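We count residues from 1, following the sequence as given. Since we're looking at a predicted model, the values are computed, not measured.
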Amino acid sequence: TDAPDKTYSVYAPDGAPALALVNAIEDKAEEFEYHVVDPSTIQTYVTGAEPEADFCILPVNLASKVLGTGTVYKMLGTVTNGNLFFLSAEDNEDLTQDNLSTLVGKSVGVVQLPNVPGLTLQAVLNKYHIDYQIVENDGEKATDKVNLIAFDPANVTPAGECDYYLCPEPAASTKIKGTASAQKPFRMAGDLQALYGGDEGYPQAVLVAKKSVLEGDKDAVEAMLSYMEESGTYLETVTPETVLSALDGVRTEGLLASFNANNLTKEVIANCSVRFSPSGECKERVNAFLEKLIAVNESAAKAVSDDFFYNA
């Protein structure tokens, strides 16, 4: 085959969002060059005078803040739909839409409380009109509200003082596996995606493309969209080993991988809810989610312009 005239760079943060690229990476098409990078640096690839990424996967709230005008990049669709689960070691009920108010008076340890995980939990509590407070260091816990406490994943243990913990995958499954022989082992005790939006979850990470690419190379855009459309189905069929080697081959050298042979299983892959939904179909969900995040913390996201959404 002829070498492509142009190579397009594709960036994703390590972790669940990067799973959406695995079938594209495995296809080994020469027109795309993949980079799995440190999540804390992802916005540097889509900002500045001459941004590096032709295509980029990033959290939707971050995309809304740095790209929401649609002048340089447009959103092609949602690629992941949430990977947050409740853990409990006590005889607490599994949390559902019907019994969420049982959290009142209880403590929930939240990994990444100031970021999307914590903001989404707060949006869910708001949705069900459940009062909550954020408890700072040794602050007073309320009996008439849900008490949210920021936790470092390393400190999430069954012996901790919280009734529930909210953890992302793969940490959630790793904690369950790691405490299996403990006196009070952790178990899955609720699915934040289901509490937020039933089967759909919430729009977590999105794929954006440079406007110049969208206008200049329809074939490359079509190719990328077809990879994305197949990304979820592909992950159902593939082994964790294949996923790991695909990501290892494109990850920034020296970056500690989110997924490894000890924590990546078929179940964890499924729990990362990789499913593509094109902009035309998920626009309302994205706008609604951003609005809910802004209601919790006005600096967490921005309302986006209609130009932000790409219409294929």
Side-chain angles (χ1 to χ4, degrees), residues 1 3-48 50-60 62-63 67 73 75-81 83 168-171 204-210 213 217 219-266 268-276:
T1 53
D5 303 335
K6 183 158 171 28
T7 316
Y8 295 102
S9 61
V10 187
Y11 285 82
D14 197 37
L19 292 175
L21 287 180
V22 174
N23 69 320
I25 295 166
E26 283 295 289
D27 191 51
K28 301 185 172 40
E30 285 179 8
E31 65 189 303
F32 298 109
E33 209 170 77
Y34 300 97
H35 307 270
V36 169
V37 301
D38 182 333
S40 68
T41 64
I42 193 69
Q43 80 185 60
T44 62
Y45 299 99
V46 290
T47 50
E50 291 185 9
E52 249 171 280
D54 294 309
F55 295 88
C56 186
I57 291 174
L58 72 169
V60 67
L62 186 57
L67 308 172
Y73 286 87
M75 176 185 133
L76 298 183
T78 303
V79 297
T80 63
N81 303 274
N83 61 334
E169 286 288 29
Q204 183 185 30
V206 297
L207 172 71
V208 299
K210 216 177 250 181
V213 178
D217 193 341
D219 290 347
V221 175
E222 283 306 307
M224 184 51 66
L225 282 170
S226 69
Y227 285 140
M228 288 298 140
E229 276 154 16
E230 291 155 19
S231 57
T233 332
Y234 177 84
L235 287 169
E236 287 168 19
T237 62
V238 73
T239 64
E241 290 73 29
T242 302
V243 172
L244 292 172
S245 88
L247 296 177
D248 286 347
V250 299
R251 191 183 292 104
T252 306
E253 210 174 316
L255 177 63
L256 183 67
S258 301
F259 297 118
N260 58 51
N262 295 323
N263 69 17
L264 192 69
T265 61
K266 285 244 177 227
V268 167
I269 293 172
N271 284 347
C272 288
S273 61
V274 174
R275 281 187 314 281
F276 184 69

Cys56 to Val46 - nearest heavy-atom pair and separation: CB-CG1, 3.6 Å
Without swapping roles, check the side chain of Asp54 against the backbone of Ser9 for a donor-acceptor pair under 3.5 Å. yes
Candidate list Val60, Leu76, Val79, Leu62, test side-chain contact (heavy atoms from CB on, under 4.5 Å), partner Val206, passing option: Val60
What's the spacing between Lys210 NZ and Leu67 CG if we round to 0.5 Å? 11.5 Å
To the nearest 0.5 Å, what is the distance between CG on Leu235 and CZ on Arg275? 12.0 Å
N/O donor-acceptor pair under 3.5 Å between Tyr73 side chain and Ala53 backbone: yes
Got a second to check how far Asp219's CG is from Met224's CE, nearest 0.5 Å? 13.0 Å
Suppose we screen for side chain to side chain donor-acceptor pair (under 3.5 Å). Which residues come up paired with Glu52, at least two apart in sequence or across chains? Tyr11
Over all heavy atoms of both residues, which pair between Ala20 and Ile57 is shortest? Give the atoms and the distance, please. CB-CD1, 4.1 Å
By side chain to side chain donor-acceptor pair (under 3.5 Å), Tyr8 pairs with (sequence neighbours left out) Asp217
Considering all heavy atoms of both residues, which atom of Ala18 and which atom of Ala12 are nearest to each other, and what is their separation? CA-CB, 4.1 Å
Considering all heavy atoms of both residues, which atom of Cys272 and which atom of Glu169 are nearest to each other, and what is their separation? SG-CB, 4.0 Å
Side-chain donor-acceptor contacts of residues 254-266 below 3.5 Å, not counting sequence neighbours, with atom names and distances?
unit_1 : atom_1 : unit_2 : atom_2 : d
Ser258 : OG     : Asp14  : OD2    : 3.2
Asn260 : OD1    : Asn262 : N      : 2.8
Asn260 : OD1    : Asn263 : N      : 3.0
Asn263 : OD1    : Asn260 : N      : 2.8
Asn263 : ND2    : Ser258 : O      : 2.9
Thr265 : OG1    : Glu267 : N      : 3.4
Thr265 : OG1    : Val268 : N      : 3.1
Lys266 : NZ     : Glu236 : O      : 3.3
Lys266 : NZ     : Val238 : O      : 2.7

Gap separating the CD1 atom of Ile42 from the OG1 atom of Thr47, nearest 0.5 angstrom: 10.0 Å
Closest heavy-atom pair, Met228 versus Phe276, reported as atoms and distance to 0.1 Å, is O-CB, 3.1 Å
Value for OH (Tyr227) from CD (Glu222), rounded to nearest 0.5 Å, stands at 13.0 Å
Between Thr80 (side chain only) and Ala205 (backbone N and O only), is there a donor and an acceptor less than 3.5 Å apart? yes
For Glu26, which residues count as a side-chain contact (heavy atoms from CB on, under 4.5 Å) partner, sequence neighbours excluded? Val22, Lys28, Tyr234, Thr242, Ala246
Taking side chain to side chain donor-acceptor pair (under 3.5 Å) as the test, write out the residues that go with Thr252, two or more places apart. none
Phe55 versus Ala220, closest heavy-atom pair with distance: CZ-O, 4.2 Å
So how far is it from Ile25 CD1 to Asp27 CG, rounded to the nearest 0.5 Å? 11.0 Å
Without hydrogens or angle criteria, can the side chains of Glu33 and Thr7 be said to hold a donor-acceptor pair below 3.5 Å? no
Counterpart residues, side chain to side chain donor-acceptor pair (under 3.5 Å), relative to Asn23 (two or more places apart): none
